[in-house]
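Okay, structure first, notes after.
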Amino acid sequence: MRYWLMKSEPSDVSIDDLASFPNQSVAWYGIRNYQARNFMRDQMQVDDAVLFYHSSCDQPGIAGLARVSRLAYPDETQFDTSNKYFDPKATHETPRWLNVDVQLVKKTRLMPLKEIREYPELEHMRILQRGNRLSITPVDPREYEFILSKL
DNA sequence: GCCAACGTTGGC
DNA sequence: GCCAACGTTGGC
């Protein structure tokens, strides 16, 4: 069992969007970074815990708890020429990009990025490091438990 | 809108 | 395999 932080732009999929979807679940499409893809492919298991993070928005921060509900499988958007995530080098025979499914566990209060920065217990989190851009990052179990205790 | 950081691309 | 150019991310 591992712990993850996954960034989503709320203008694309917010925590409330997730809550409104069938099964309160979504395919985590659009990951086009190999390191993030490899986390999904090689490490994510069903029931891994996810911190659902809102990025590129007015109030960046942790917005809820989720879980991995399906193992990695090919991301359909890579095959769709009309999709912004279309990848001409991907084929059904040799897909490049994968996604897991993520299911809502519970919406929480928003823990703003600013607050996350204030806790010495969380100072090593990947999202706080200079220049971090990865949209999927592993979270230490102690960090996860600490965050839970503050939500 | 700015800009630092960093990943990817492609010519050599 | 190097590396400059370019594109993207994401907080501010």
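Chain naming here is simple, since letters A, B, ... match the order of the sequence lines and numbering starts at 1 in each. Just so it is clear, the model here is predicted, and its values are computed rather than measured.
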Item checked: Atom-pair distance (NZ on A:K114; C1' on C:dG11), nearest Å -> 14 Å
Item checked: Interatomic distance where CG belongs to A:D58 and C1' belongs to C:dG10 [whole Å] -> 13 Å
Check: Should the ring pair A:F79 and A:H92 be called parallel, tilted or perpendicular, given that the plane angle runs from 0 to 90° and is split at 30 and 60?
Finding: parallel
Next item on the list: On the 0 to 90° scale, with breaks at 30° and 60°, tag the A:F146-A:Y119 ring pair as parallel, tilted or perpendicular.
Entry: perpendicular
Next item on the list: Nearest whole angstrom, please: distance from the P of C:dT9 to the CD1 of A:I136.
Entry: 13 Å
Checklist line | Steps toward side-chain contact (heavy atoms from CB on, under 4.5 Å) verdict (A:L104, A:F21) | finding: CA-CA 9 Å; A:L104 182 68; A:F21 292 156; over 6 Å; no
Margin query: Expressed as a whole number of angstroms, how long is the span from A:I31:CD1 to C:dT8:P?
Written below: 15 Å
Margin query: For the CG atom of A:N33 and the OG atom of A:S135, what is their distance to the nearest 0.5 Å?
Written below: 6.5 Å
Check: How many Å lie between OH on A:Y53 and P on C:dT9, as a whole number?
Finding: 15 Å
Check: A:Y34 OH to C:dG7 C1': how many Å, rounded?
Finding: 15 Å
Check: Counting side-chain heavy atoms from CB outward, which of C:dG10, B:dG7, C:dG11 is closest to A:S135?
Finding: C:dG10
Notebook entry, point to check: Atom CZ of A:R133 to atom C1' of B:dA4: distance rounded to whole Å?
Noted result: 10 Å
Item checked: Between P of B:dT8 and CG of A:L134, the distance in whole Å -> 10 Å
Check: Has A:K7 got a side-chain N or O lying under 4.0 Å from the OP1 or OP2 atom of C:dG10?
Finding: yes
